[in-house]
Chemist: 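Take a look at this one; I'll ask things after.
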Amino acid sequence: DAGITQSPRHKVTETGTPVTLRCHQTENHRYMYWYRQDPGHGLRLIHYSYGVKDTDKGEVSDGYSVSRSKTEDFLLTLESATSSQTSVYFCAIRGSGTGELFFGEGSRLTVL
Amino acid sequence: EDQVTQSPEALRLQEGESSSLNCSYTVSGLRGLFWYRQDPGKGPEFLFTLYSAGEEKEKERLKATLTKKESFLHITAPKPEDSATYLCAVQDSLSGTASKLTFGTGTRLQVTL
């Protein structure tokens, strides 16, 4: 158990509405990540953080923003949700080893 | 651009029937190759990290091996509880300490009695 909690676990929203997903960790890890998982695409990196207020883009960052105001919380925001953002979103932390990531249980988002 | 291709997409085995899953990759420099297991509705669960060609790791009925172009996940005498999707990922040496992993689409394994 990597001590990661994602919320909400399920959300249905309408096109054009803002959505924020939260990732909370309890073990003071420096690196945190947001991935999305879609059939046929595998897991794709959206954004990651390497410390409080330090974030960078991944390969599919358009339409998403992130914030990390404290070590334990990493927020993913969809400013104006679109149907193409319907997906399962996973938060991850980097372990204390040499590169492996540990994932949360996921947040399933449906944009109608 | 890093690429990871897993095959087969799906595999159905009978209990006790050993087999292998393949992960072929293209990276400018391999920092690490990772195997994960994912059950339906759950997050990926870390299994192994491999760093250099010739390396092997084992855990119960699973053994992961690595060459310069691909990795295999060997499943010996599988049981129904081994049914899951197995994901492979690579970390490029150019990513520095950021651990930005590139994932394959996975192999969906079903083990029947």
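A, B, ... follow the sequence lines: proteins, then strands. Residue 1 opens every chain. Here the structure is a predicted model, which is why all the values come from computation and not from measurement.
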Chemist: Side chain, backbone, both or neither: which part of A/R9 has an atom under 4.5 Å from a heavy atom of chain B?
Modeler: side chain
Chemist: At a 4.5 Å cut-off on heavy atoms, which part of B/F48 comes close to chain A: side chain, backbone, both, or neither?
Modeler: neither
Chemist: What residue in A/E105, A/E100, A/R30 has the most heavy-atom pairs under 4.5 Å with chain B?
Modeler: A/E100
Chemist: Got a salt bridge between B/E9 and B/R108, using NZ or NE/NH1/NH2 to carboxylate O under 4.0 Å?
Modeler: no
Chemist: Just say parallel, tilted or perpendicular for the rings of B/F103 and B/Y36, cut-offs at 30° and 60°.
Modeler: tilted
Chemist: Given heavy-atom pairs under 4.5 angstrom as the criterion, report whether the side chain, backbone, both or neither of B/Q38 touches chain A.
Modeler: side chain
Chemist: Is any side-chain N of the basic residue among B/D82 and B/R61 closer than 4.0 Å to the acidic one's carboxylate O?
Modeler: yes
Chemist: Checking A/L45 against chain B: side chain, backbone, both or neither under 4.5 Å from a heavy atom?
Modeler: side chain
Chemist: Please lay out, stage by stage, how B/S18 and B/I75 fare under the test side-chain contact (heavy atoms from CB on, under 4.5 Å).
Modeler: CA-CA 6 Å; B/S18 301; B/I75 304 176; over 6 Å; no
Chemist: Can you say whether A/Y50 sits under 4.5 Å from chain B via the side chain, the backbone, both, or neither, judging by heavy atoms?
Modeler: neither
Chemist: When A/I93 is tested against each of A/F103, A/F102, A/F74 for side-chain contact (heavy atoms from CB on, under 4.5 Å), which residue passes?
Modeler: A/F102
